[in-house]
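Have a look at the structure below before the remarks.
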Amino acid sequence: MSRARQPPLVTGISPNEGISWTKVTIRGENLGTGPTDLIGLTICGHNCLLTAEWMSASKIVCRVGQAKNDKGDIIVTTKSGGRGTSTVSFKLLKPEKIGILDQSAVWVDEMNYYDMRTDRNKGIPPLSLRPANPLGIEIDKGRFPQKDLETLFPGMSADFTSENFSAAWYLIENHSTASFDQLKMAVVNLKKQP
């Protein structure tokens with residue numbers, strides 16, 4: 001007479017809270033006899049089977065999906081033991097919305113930003129795709145010593161990708177001999193850029 005396997009029992013999850021797509025390690029008993037025995041895995045009601053990596057009968061690693069519930073059980077289902085139970089739960093945290101001036105410990109996608117002048121979203125290319133000469137007119141460097149410009153614009157920069165960018169410094173450093181017509185052409189070139 002064959003003895004049926006016990007249903008899976010989840011006794012631990014690490015970490016026990018996080019945002020969607022957090023990688024978690026699930027510990028327990030009877031979590032399957034192999035990768036093909038694992039037929040179901042839900043965390044907070046979300047199916048996480050596609051990201052599950054069966055490690056052993058006592059360990060599974062996966063990523064938490066975009067769950068419907070803020071807190072919920074971890075349910076493992078196997079062919080050999082059926083639907084299991086959980087003695088622990090996972091708390092899904094909602095990520096905070098941050099603005100462009102807020103400090104953040106995570107990478108913020110800079111491909112889109114809100115342009116307050118036009119009251120709409122705009123896309124900006126990554127730094128590597130931005131033109132070296134954003135005005136599109138001839139650059140004439142070296143007329144003014146760098147030390148004088150640093151004294152004239154303390155704490156500022158002529159680098160247009162810097163948060164301390166000074167348009168005046170940039171123009172003096174790169175286009176000090178430009179005519180008024182050339183500067184008008186530069187404005188047209190700037191308006192063409194995304």
Side-chain angles (χ1 to χ4, degrees), residues 1-131 159-165 193-194:
M1 184 152 102
S2 68
R3 193 171 141 226
R5 286 190 57 90
Q6 295 290 316
L9 174 64
V10 175
T11 57
I13 185 167
S14 178
N16 63 359
E17 64 181 21
I19 61 171
S20 294
W21 304 112
T22 298
K23 191 171 189 176
V24 295
T25 301
I26 299 166
R27 300 253 182 211
E29 301 169 9
N30 307 314
L31 301 181
T33 57
T36 57
D37 191 38
L38 182 64
I39 59 171
L41 173 60
T42 60
I43 299 176
C44 299
H46 184 273
N47 184 351
C48 301
L49 187 59
L50 286 176
T51 63
E53 294 177 60
W54 185 88
M55 308 302 268
S56 70
S58 60
K59 180 179 175 183
I60 298 172
V61 176
C62 74
R63 292 198 178 269
V64 178
Q66 295 180 339
K68 300 170 191 91
N69 306 323
D70 290 345
K71 190 169 186 174
D73 290 336
I74 300 92
I75 304 297
V76 175
T77 306
T78 62
K79 289 179 192 174
S80 61
R83 188 172 197 270
T85 57
S86 178
T87 62
V88 295
S89 62
F90 183 84
K91 182 178 180 185
L92 185 67
L93 303 175
K94 303 290 184 206
E96 289 183 36
K97 300 282 185 189
I98 60 169
I100 59 172
L101 298 178
D102 296 333
Q103 289 185 350
S104 172
V106 297
W107 182 261
V108 177
D109 183 13
E110 295 178 353
M111 292 304 290
N112 289 309
Y113 71 99
Y114 187 78
D115 187 349
M116 292 171 33
R117 296 171 296 159
T118 60
D119 196 31
R120 64 181 182 163
N121 285 331
K122 272 187 148 179
I124 57 172
L127 294 178
S128 61
L129 299 179
R130 292 184 192 167
D159 177 4
F160 66 94
T161 62
S162 168
E163 66 180 42
N164 297 328
F165 172 69
Q193 295 182 23

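- The shortest distance between side-chain heavy atoms of N16 and V88 does not fall below 4.5 Å.
- For the pair N30/T78, no side-chain contact is recorded, criterion being any heavy-atom separation below 4.5 Å from C-beta on.
- Using a distance-only test at 3.5 Å, with no hydrogens or angles considered, a donor-acceptor pair links the side chain of T87 to the main chain of V10.
- Residues that satisfy the side-chain contact (heavy atoms from CB on, under 4.5 Å) test with E29, not counting sequence neighbours, are L9.
- The minimum heavy-atom distance between S89 and D73, with the atom names listed, is CB-OD1, 4.3 Å.
- Put simply, the side chain of F90 reaches to within 4.5 Å of the side chain of L92, judged on heavy atoms.
- Between the side chain of N47 and the backbone N or O of L49, at least one donor-acceptor pair lies under 3.5 Å.
- Taking the side chain as every heavy atom from C-beta outward, M55 and T25 never approach each other to under 4.5 Å.
- P7 and G84 get closest at one heavy-atom pair: CB-CA, 4.3 Å.
- To the nearest 0.5 angstrom, C44 atom SG is 7.0 Å from I74 atom CD1.
- You'll find the side chain of I43 reaches within 4.5 Å of the side chain of C62, heavy atoms only.
- Nearest heavy-atom pair, L38 versus A52, reported as atom, atom and distance to 0.1 Å: CD2-CB, 3.9 Å.
- When all heavy atoms of S20 and G65 are compared, the pair lying nearest together is OG-O, 3.4 Å.
- At least one side-chain heavy atom of V61 sits under 4.5 Å from a side-chain heavy atom of K23.
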*side-chain contact (heavy atoms from CB on, under 4.5 Å) between D70 and K94, intermediate numbers included*: CA-CA 8 Å; D70 290 345; K94 303 290 184 206; 3.4 Å; yes

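- What you find for P8 and L31 is that their closest heavy atoms are CB-CD2, 4.1 Å.
- Counting heavy atoms from C-beta outward, L41 and I26 have side chains that approach closer than 4.5 Å.
- In this structure, the side chain of S80 does not engage the main chain of R5 through any donor-acceptor pair within 3.5 Å.
- I39 and T36 make their closest contact through CG2-O, 4.2 Å (heavy atoms, listed as atom of the first residue, atom of the second, distance).
- Residue D37 holds its CG atom at 7.0 Å from NZ of K79, rounded to the nearest 0.5 Å.
- For the pair V24 and P15, the minimum side-chain heavy-atom distance is below 4.5 Å.
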